[in-house]
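In what follows, a structure is listed as structure tokens, so that the remarks can point back to it.
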Amino acid sequence: MNGHEPRIIAFFCNFCSYLAADMAGVSRIQYPPNVRIIRLMCTGRLSPLYILEAFARGADGVLVAGCHPGDCHFIKGNLYARRRVSMLKKLLEMMGIDPRRLRLEWVSASEGNKLANVIKEFVEEVRSLGANPLKEVNA
């Protein structure tokens, strides 16, 4: 879409998804450089305000990745994250932002290939959606 390269903010769980990103790097598995990763101890500690702030500051998409259900080091943190992301998707839609710009994935530490594929797919999906509509409002 007219050469627009999406900017994506990713919030990754320290024990699973962040380690998967590390594994992808060590294994030389390439994925688009459009993603800026922020490491969290647990996705359950991710405040919805951080996601909204990412969009308000011009991120075209936000990716949240954590441990598979049942494998969370903090017992139910990923389940709390799932509930918050579901609520935020509804809020984004009411704000006029396509909810596909927010994505939640379960990725364990050993799934570097899966993480790279998730990032590739998400970058392509966000690219097809175009620029974040809030960028025009804040310009």
Side-chain angles (χ1 to χ4, degrees):
M1 196 165 227
N2 66 17
H4 172 71
E5 278 301 317
R7 291 187 332 173
I8 295 173
I9 302 298
F11 295 100
F12 286 177
C13 156
N14 180 61
F15 295 101
C16 287
S17 305
Y18 191 79
L19 293 178
D22 188 46
M23 173 176 272
V26 168
S27 303
R28 298 185 190 276
I29 301 167
Q30 295 188 355
Y31 53 83
N34 306 60
V35 178
R36 299 296 177 262
I37 298 172
I38 299 172
R39 179 170 48 170
L40 308 167
M41 287 309 290
C42 179
T43 55
R45 299 289 299 163
L46 176 59
S47 169
L49 294 176
Y50 292 146
I51 294 172
L52 294 174
E53 183 72 17
F55 283 117
R57 290 184 180 226
D60 297 304
V62 175
L63 175 63
V64 179
C67 304
H68 289 275
D71 290 337
C72 179
H73 285 71
F74 296 97
I75 316 295
K76 294 183 181 179
N78 50 7
L79 302 179
Y80 296 138
R82 180 172 56 190
R83 189 176 319 141
R84 288 182 186 130
V85 167
S86 176
M87 179 266 312
L88 276 170
K89 284 182 173 237
K90 293 173 186 169
L91 179 63
L92 289 174
E93 195 166 27
M94 288 189 299
M95 294 170 56
I97 298 172
D98 193 315
R100 293 177 294 175
R101 292 184 183 276
L102 174 60
R103 186 167 176 179
L104 173 66
E105 288 287 337
W106 309 127
V107 183
S108 73
S110 64
E111 295 179 314
N113 273 325
K114 177 182 177 180
L115 182 67
N117 289 331
V118 164
I119 291 172
K120 288 174 192 172
E121 290 170 12
F122 190 55
V123 167
E124 286 305 314
E125 183 173 25
V126 172
R127 185 179 285 129
S128 73
L129 296 172
N132 174 350
L134 292 180
K135 281 184 182 177
E136 296 171 10
V137 174
N138 292 331

Look at the side chain of [X] and the backbone N and O of [Y], then say whether any donor-acceptor pair between them is shorter than 3.5 Å.
X	Y	answer
Ser27	Ile29	no
Ser17	Gly66	yes
Ser128	Glu125	yes
Lys89	Arg100	no
Asn34	Pro6	yes

Problem set entry | side-chain contact (heavy atoms from CB on, under 4.5 Å) evaluation trace for Val64 with Glu105 | CA-CA 6 Å; Val64 179; Glu105 288 287 337; over 6 Å; no
Exercise. Heavy-atom distance under 4.5 Å between the side chains of Arg7 and Asp60, does that happen here?
Worked result: yes
Exercise. If we only count heavy atoms from C-beta on, is the Pro69 to Leu79 side-chain gap below 4.5 Å?
Worked result: yes
For [X] against [Y], the heavy-atom pair lying closest together:
X	Y	value
Thr43	Ala65	CG2-O, 3.3 Å
Ile9	Ala59	CG1-CB, 3.8 Å
Cys67	Cys13	SG-SG, 3.4 Å
His4	Gly130	CD2-C, 4.0 Å
Ala109	Leu19	CB-CB, 3.7 Å
Gly61	Phe55	CA-CE2, 4.0 Å

Look up atom [atom1] in [X] and atom [atom2] in [Y], then write down how far apart they are to the nearest 0.5 Å.
X	Y	atom1	atom2	answer
Arg39	Asp22	CZ	CG	9.0 Å
Glu111	Cys16	CD	SG	8.5 Å
Cys42	Ile75	SG	CD1	10.0 Å
Met94	Leu91	CE	CG	5.0 Å
Met95	Leu88	CE	CG	9.5 Å
Arg84	Leu102	CZ	CG	13.0 Å

For this session: For Trp106 and Arg82, run side-chain contact (heavy atoms from CB on, under 4.5 Å): C-alpha distance rounded to whole Å, both residues' side-chain angles, the deciding distance at 0.1 Å, then the answer.
Result: CA-CA 10 Å; Trp106 309 127; Arg82 180 172 56 190; 4.1 Å; yes
Exercise. Mind checking who shares a hydrophobic cluster with Phe15, ILVMFWY linked at side-chain heavy-atom distances under 4.5 Å?
Worked result: Met41, Phe74
Problem set entry | Linked hydrophobic residues, Tyr18 as query - side chain contacts closer than 4.5 Å | Ile8, Phe12, Tyr31, Val35, Ile37, Leu63, Val107, Leu115, Val118, Ile119, Phe122, Val123, Val126
Exercise. With the threshold set at 4.0 Å, does a side-chain nitrogen-carboxylate oxygen contact exist between Glu93 and Lys90?
Worked result: no
Exercise. Is Glu124 salt-bridged to Lys120, cutoff N-O under 4.0 Å?
Worked result: no
For this session: Answer yes if Leu46 and Tyr80 sit in the same cluster of Ile, Leu, Val, Met, Phe, Trp and Tyr residues linked by side chain heavy atoms under 4.5 Å apart, and no otherwise.
Result: no
Problem set entry | For His68, ring pair (Phe, Tyr, Trp, His ring centres under 6.0 Å) partners two or more places apart | none
